[in-house]
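Structure record follows, encoded as structure tokens.
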Amino acid sequence: MLQYLIKRLLLMIPTMFGIIVISFLVIKSAPGDPTSQKFGGVGQAGTGLDSQRGTEDAIKKFRERWKLDEPLHVQFGFFIQRLASRDLQYITRQGNFGRDLRSHLMVSIQLNVIVFVLIYLIAIPLGIASVTWPRSWFDRLSTVGLFMLYSLPSFFVADVLRIHLCGHDSWYNSFPIMGLHGQDYESLGFWGRFGDYLHHAFLPVVCLTYGGLAYLSRQMRAGMLDVVHQDYIRTAHAKGASKARVILVHALRNGLFPMITLFASLLPFLIGGSVIIEFIFQINGMGYYTIQAIYEREYDVVMATLILSAIMTLLGILLSDILYVMVNPQVTFQGS
């Protein structure tokens, strides 16, 4: 196993480099650059010749500072140099890049960890129950209900909930309309802060949870249905094992494989998977932060977000392989 892990970690290096190259080229192919964002209206502010020359000099120095007039390979080398020295920073605005990135990242992680836990805690039992009583009223009702939930766009549900449950003009003014903290958050004790956070996060968590819950529960059901028709399950029934033991002991291990596989694709969601919901509820997480950076042509912020998402994806795939062995020791890394 150790040899496998070392091999996979080494393979991540060229993979990450390829992702960085492609991401850099895609960003650079977009129209506009930080110069237009920073100096867009400056040239019209003054009418004198000296003012125009000053603006032109400032633009020239700005482009020279960030190598924006250089060929793409030179700009890419400049970015890699800054990335290696951990010197990524804002291009068009002031501020501490590292501190802002960490603060926005923690907001998204705290919110999406709650979402992940709820999705798996609800989806796995729902899938097991549907397989335990197939074609029952519970199975049919849950299937229809979950497919209906999956078909509802999260931005539509978020807007409906915000209109009818938030604000003074709503039907039931019970939830805050924006943010994850109240104005008196800092003055509260531990449990007061905890309750305030849950109060603010309730609607965003609902909007982020129901779609993944509906999808994963159906995947869990499909995976379990494939397993319960295997020969070793029939053998367990023939030996007199109870239905609960067959489902929870014999079938569940292999039935969890689809959920483990999907975990690798869900892990990057921690970084920027809640862009729309963060925008609607004005949550200062990574999704909202990245959208602002794209509008302002903050290349370093966008690249940092893409790199973090790529790292989470690669680590998620590696973690999934490890979880396969933990769930079913008969699975090995031989031939990987």
Side-chain angles (χ1 to χ4, degrees), residues 12-108 268 270-276 278-279 282-314:
M12 286 183 183
I13 298 175
T15 304
M16 276 301 308
F17 183 77
I19 292 172
I20 292 173
V21 171
I22 294 173
S23 300
F24 184 84
L25 293 176
V26 170
I27 292 174
K28 286 294 184 178
S29 65
D33 63 23
T35 309
S36 60
Q37 177 66 30
K38 187 174 181 64
F39 298 96
V42 175
Q44 301 174 0
T47 56
L49 183 60
D50 291 340
S51 176
Q52 293 180 1
R53 287 177 178 174
T55 301
E56 292 174 358
D57 289 341
I59 291 175
K60 182 179 179 181
K61 290 179 180 179
F62 179 82
R63 298 186 68 85
E64 289 176 353
R65 163 71 178 84
W66 296 102
K67 312 292 185 186
L68 297 176
D69 287 329
E70 301 289 345
L72 276 180
H73 68 277
V74 175
Q75 296 184 44
F76 180 73
F78 181 56
F79 170 76
I80 293 296
Q81 177 185 353
R82 291 184 290 112
L83 178 64
S85 61
R86 293 183 297 179
D87 190 33
L88 298 181
Q89 53 189 286
Y90 291 124
I91 299 176
T92 65
R93 51 186 162 126
Q94 301 295 321
N96 189 311
F97 175 85
R99 184 182 61 221
D100 290 348
L101 185 66
R102 286 191 295 270
S103 64
H104 291 290
L105 182 60
M106 288 307 300
V107 169
S108 290
L270 290 170
I271 305 298
S274 52
V275 177
I276 297 176
E278 287 183 5
F279 183 80
Q282 297 293 292
I283 298 172
N284 240 344
M286 281 298 294
Y288 191 69
Y289 182 54
T290 305
I291 288 295
Q292 288 181 315
I294 292 173
Y295 287 149
E296 297 175 4
R297 300 297 189 269
E298 288 287 358
Y299 292 153
D300 282 9
V301 177
V302 179
M303 285 298 299
T305 305
L306 292 174
I307 291 172
L308 285 174
S309 297
I311 291 173
M312 296 296 284
T313 301
L314 295 175

Close side-chain approach of Leu83 and Ile307, heavy atoms under 4.5 Å: yes
N/O donor-acceptor pair under 3.5 Å between Arg297 side chain and Pro31 backbone: yes
Side chain to side chain, Thr290 and Val275, heavy atoms closer than 4.5 Å: no
Value rounded to 0.5 Å, distance of OG1 in Thr313 from CG in Leu308: 10.5 Å
CD-NZ distance between Glu296 and Lys38, expressed to the nearest 0.5 angstrom: 11.0 Å
Full working for side chain to side chain contact (heavy atoms under 4.5 Å, CB included) between Gln282 and Tyr288: CA-CA 8 Å; Gln282 297 293 292; Tyr288 191 69; 3.5 Å; yes
Pro34 versus Tyr299, closest heavy-atom pair with distance: CD-CE1, 3.4 Å
Closest heavy-atom pair and its distance - Gln89, Glu298: O-OE1, 4.5 Å
Nearest heavy-atom neighbours spanning Phe97 and Ala304: CZ-CB, 3.9 Å
Atom of Gly287, atom of Ser108 and distance for their closest heavy-atom approach: N-OG, 4.2 Å
Residue pairs passing the salt bridge (Lys or Arg N to Asp or Glu O under 4.0 Å) test where at least one lies in residues 75-87, sequence neighbours excluded: Arg82-Asp300
Nearest heavy-atom neighbours spanning Asn96 and Arg99: OD1-N, 3.0 Å
Validation row: Trp66, Asp33 side chains within 4.5 angstrom (heavy atoms): no
Separation of Ile80 CD1 from Phe78 CZ (nearest 0.5 Å): 12.0 Å
Close side-chain approach of Phe62 and Leu68, heavy atoms under 4.5 Å: yes
Chi angles and distances behind the side chain to side chain contact (heavy atoms under 4.5 Å, CB included) call for Tyr289, Met286: CA-CA 5 Å; Tyr289 182 54; Met286 281 298 294; 4.0 Å; yes
Separation between CD of Gln81 and CZ of Phe76, rounded to the nearest 0.5 Å: 12.5 Å
Below 3.5 Å, can you tabulate the donor-acceptor pairs from side chains in residues 14-29 to any protein atom, sequence neighbours excluded?
unit_1, atom_1, unit_2, atom_2, d
Thr15, OG1, Leu11, O, 2.9
Ser23, OG, Ile19, O, 2.8
Lys28, NZ, Gln75, OE1, 2.5
Ser29, OG, Leu25, O, 3.4
Ser29, OG, Val26, O, 2.6

Residues forming a salt bridge (Lys or Arg N to Asp or Glu O under 4.0 Å) with Asp69, sequence neighbours excluded: Arg63
